[in-house]
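Inspection log for the structure reproduced underneath, given as structure tokens.
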Amino acid sequence: MLLCRPNFLFFWISKQRLNFHFFSTLPNPRLPPPFSSLPPTPGITQIKQAHARILVLGLANDGRITSHLLAFLAISSSSLPSDYALSIYNSISHPTVFATNNMIRCFVKGDLPRHSISLYSHMCRSFVAAPNKHTLTFVLQACSNAFAIREGAQVQTHVIKLGFVKDVFVRNALIHLYCTCCRVESAKQVFDEVPSSRDVVSWNSMIVGFVRLGQISVAQKLFVEMPEKDVISWGTIISGCVQNGELEKALDYFKELGEQKLRPNEAILVSLLAAAAQLGTLEYGKRIHSIANSLRFPMTASLGTALVDMYAKCGCIDESRFLFDRMPEKDKWSWNVMICGLATHGLGQEALALFEKFLTQGFHPVNVTFIGVLTACSRAGLVSEGKHFFKLMTDTYGIEPEMEHYGCMVDLLSRAGFVYDAVEMINRMPAPPDPVLWASVLGSCQVHGFIELGEEIGNKLIQMDPTHNGHYVQLARIFARLRKWEDVSKVRRLMAERNSNKIAGWSLIEAEGRVHRFVAGDKEHERTTEIYKMLEIMGVRIAAAGYSANVSSVLHDIEEEEKENAIKEHSERLAIAFGLLVTKDGDCIRIIKNLRVCGDCHEVSKIISLVFEREIIVRDGSRFHHFKKGICSCQDYW
DNA sequence: GTAGGGTTAG
């Protein structure tokens, strides 16, 4: 090798790319056959080795060789700082188009798209050689990443002038640019102009554009129309459905993918896990997990994190933690997801302990991390800790508090009964507060009996956001507590007039491979008779355990006995009754709710967990309740 | 003469 002449080294470097002995001679036992056959890209070690050799051999002045080094940097799997690439580029006395193109690429890769654009414009002004089709695709990529729509449109004029309008790569880069910048009409124009210069990537990019705009039906139409689909097309439409809340539709597409005997990729599994997490469908999530195992997907940070999140959101915090502790690679998002998961399960101390570990591992907390940390404090009632972390976030880490952080703090203070401190915090906020913050104080006013303040806030909220039904309900609850039934009906009338009826509460339970959804007083289910019989049995057994109904959460001005009936048939009671019917003795019952658990159902669930010896896990809008042996993980703090 | 595009949650 020492005797090699420039051309030979040139060949040697090129060969490195085709056959990396580092990858091929060290088989990774974790990687199954389909993955080890993926073409490897050069890593940092190879590039630095090659660079060192170039320097040792005194070939640093050979522009052709150093240009290739740049090309390797641009496609390298590991990210090297752009200034390393730039120093190589600057060492080339007469950079060619090839070298400059690769430098533009390196800047894109190094997340410095503005530098790419500057280099391109410098190239246009002073270069002897004109940009070629590669230059145009790379700089258009940079424009997309920088959301530089004006510069991108200018590049489009160069595309025409230089005669690359029919190049499919250039066209696709343009489509991608316009879609990223939400200019889907412009993208569609490029797409429609030269139908012969279209391929599967053009279609995929157009689908992404419509997904971003939330026009999921148009995206689906394109998906159906496209002449051929690849795995990315499927991934795009599936993730598009998940992003737009069409969760069941996403699952349907996955089924179709399986029927076509196509192998899903990691992105698809990650999207489906997100869908299962949002729906709270544990059985479905588990199925995706076993598919990932049977297809021998390596446990990457993103797949692992999606699994940790899915298990946490489906109520299995232990399984979630188990997987997290055994993930072979974790990134900061894995930690964030785990911290937030523990927090929503009311495991405040564990969440905070993990946060400490996160810091000692050298990770830098981000705004989401503090949402988890502050939620942990709020759920566990740790007021002074919450104040400490809020200060840590702003003073030590310089993170500007966002609405969510204020939300956690207001929640923390008001839940703990410091309602006036919470009001003060809202009043001191730099930005106008989200009505949700006031709603959170209002909720605490009701719980802690700050009736006058509650009335004031309730009226304010109704003025701020007259279409939000929740505010009317809260205010009505306060009046109900005072037994001011006339005011209760006044508020309810107002709510009806403004056409903002209370969102129907529902509870969902997954059983026998299906999702069963109940609303209060539901009689639609095919096993209604058995369910109502079970409700009666539940009533008898919990009464024997000393329970009497707390009816203050029922708003209507009705007779006591009727009130008791109304809460007896709340959707979660029906779901629990059904759960008791269809699951085995000792099995855990998992329920997903869209609204908050009412005080009475919370009490009943505790007693049922004791007398029926069942663990019951309820996920409501923002937290988990683990009922076990007569107590709840939220410590009645919600 | 060398190279290039699209999907991923939290």
Side-chain angles (χ1 to χ4, degrees), chain A residues 10-11 13-14 17 63-65 67-75 96-106 108 132-141 144 164 167-177 179-180 187 191 197-209 211-212 219 223 226 229-243 250 264-278 288 300-310 312-313 320 324 330-341 344 366-369 371-372:
Chain A
F10 191 109
F11 171 75
I13 298 176
S14 300
R17 207 211 141 191
R64 285 178 305 170
I65 288 175
S67 310
H68 271 273
L69 206 57
L70 272 181
F72 287 134
L73 276 172
I75 60 158
T96 57
V97 191
F98 180 70
T100 312
N101 288 352
N102 280 302
M103 191 59 232
I104 291 176
R105 254 182 114 188
C106 284
V108 177
N132 63 15
K133 55 184 182 173
H134 299 283
T135 327
L136 294 167
T137 41
F138 297 146
V139 75
L140 284 170
Q141 240 179 69
S144 308
F164 291 112
D167 186 274
V168 68
F169 282 89
V170 174
R171 294 196 80 78
N172 286 345
L174 276 169
I175 294 173
H176 178 62
L177 166 76
C179 287
T180 323
F191 181 79
S197 294
R198 274 198 312 224
D199 65 3
V200 66
V201 176
S202 333
W203 286 88
N204 291 346
S205 302
M206 277 317 303
I207 293 175
V208 174
V211 163
R212 289 232 171 93
F223 181 76
M226 63 193 294
K229 304 171 177 60
D230 63 6
V231 72
I232 304 257
S233 324
W234 288 93
T236 308
I237 200 70
I238 288 173
S239 77
C241 287
V242 176
Q243 283 167 42
N265 60 15
E266 189 190 88
I268 292 178
L269 297 187
V270 169
S271 296
L272 291 167
L273 286 168
Q278 279 182 53
I288 307 295
T300 58
S302 42
L303 182 59
T305 306
L307 281 166
V308 167
D309 191 45
M310 182 279 290
K313 290 214 167 86
S320 171
F324 174 81
K330 302 185 185 86
D331 60 16
K332 69 173 178 201
W333 289 110
S334 324
W335 289 80
N336 283 329
V337 162
M338 193 71 251
I339 292 169
C340 292
T344 49
V366 291
N367 50 8
V368 183
T369 323
I371 292 176

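Note that the structure is predicted; figures quoted are calculated from it, not measured. Protein chains get the first letters and strands the later ones, always in sequence-line order, with residue 1 at the start of each.
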Would you give the length of the straight line joining atom OG of A:Ser334 to atom CG of A:Leu307, rounded to the nearest 0.5 angstrom?
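With rounding to 0.5 Å, OG (A:Ser334) is 11.0 Å from CG (A:Leu307).
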Taking atom [atom2] of [N] as reference, at what distance in whole Å does atom [atom1] of [X] sit?
X: A:Ile268; N: B:dT8; atom1: CD1; atom2: C1'; answer: 10 Å
X: A:Asp167; N: B:dA3; atom1: CG; atom2: P; answer: 14 Å
X: A:Asp309; N: B:dG10; atom1: CG; atom2: C1'; answer: 6 Å
X: A:Asn132; N: B:dA3; atom1: CG; atom2: C1'; answer: 9 Å
X: A:Ile75; N: B:dT2; atom1: CD1; atom2: P; answer: 15 Å
X: A:Phe164; N: B:dG4; atom1: CZ; atom2: P; answer: 16 Å
X: A:Asn265; N: B:dA9; atom1: CG; atom2: C1'; answer: 14 Å
X: A:Phe72; N: B:dG4; atom1: CZ; atom2: P; answer: 11 Å

Considering every strand and a 4.0 Å limit on heavy-atom distances, what is the contact class for [X]: base, sugar-phosphate, or nothing?
X: A:Ala267; result: base
X: A:Arg105; result: sugar-phosphate
X: A:Ser239; result: sugar-phosphate
X: A:Asn336; result: nothing
X: A:Thr137; result: base
X: A:His176; result: sugar-phosphate

So, is A:Gln278 close to the B:dA9 phosphate, meaning a side-chain N or O under 4.0 Å from OP1 or OP2?
no
Counting only side-chain N and O atoms of A:Gln243, is one of them less than 4.0 Å from OP1 or OP2 of B:dT8?
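Yes, because at least one side-chain N or O of A:Gln243 sits under 4.0 Å from OP1 or OP2 of B:dT8.
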List in chain and number order the residues that pass side-chain hydrogen bond (donor to acceptor under 3.5 Å, both in side chains) with A:Thr369, two or more places apart in sequence or in another chain; answer none if no residue qualifies.
A:Asn336
With ring pair (Phe, Tyr, Trp, His ring centres under 6.0 Å) as the criterion, how do A:His68 and A:Phe98 come out once you've worked through the C-alpha distance, each side chain's angles and the decisive distance to 0.1 Å?
CA-CA 9 Å; A:His68 271 273; A:Phe98 180 70; 5.3 Å; yes
Please pick, from [options], the nucleotide with the shortest atom-to-atom distance to any side-chain atom of [X].
X: A:Lys313; options: B:dG10, B:dT8, B:dG4; value: B:dG10
X: A:Ser302; options: B:dA9, B:dG4, B:dG10; value: B:dA9
X: A:Phe169; options: B:dT7, B:dG4, B:dA9; value: B:dG4
X: A:His68; options: B:dA3, B:dA9, B:dG1; value: B:dG1
X: A:Gln141; options: B:dT7, B:dG1, B:dG4; value: B:dG4
X: A:Phe138; options: B:dG10, B:dG1, B:dA3; value: B:dA3

For the pair A:Arg198 (side chain) and A:Phe191 (backbone), establish whether a donor and an acceptor sit closer than 3.5 Å, ignoring hydrogens and angles.
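Pair found, side chain donor or acceptor close to backbone of A:Phe191.
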Near-parallel close stack of A:His134 and B:dA3 base (under 5.5 Å, under 30°)
yes
Stacking between A:Trp234 and B:dT7, defined as ring centres under 5.5 angstrom apart with planes under 30°, is that present or not?
no
For a 4.5 angstrom cut-off between non-hydrogen side-chain atoms, does A:Ile238 reach A:Cys241?
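Answer no - side chains too far apart.
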Identify, with sequence neighbours excluded, every residue that meets ring-ring contact (aromatic ring centres under 6.0 Å, His included) alongside A:Phe223.
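ring-ring contact (aromatic ring centres under 6.0 Å, His included) list for A:Phe223, sorted by chain: A:Trp234, A:Tyr253.
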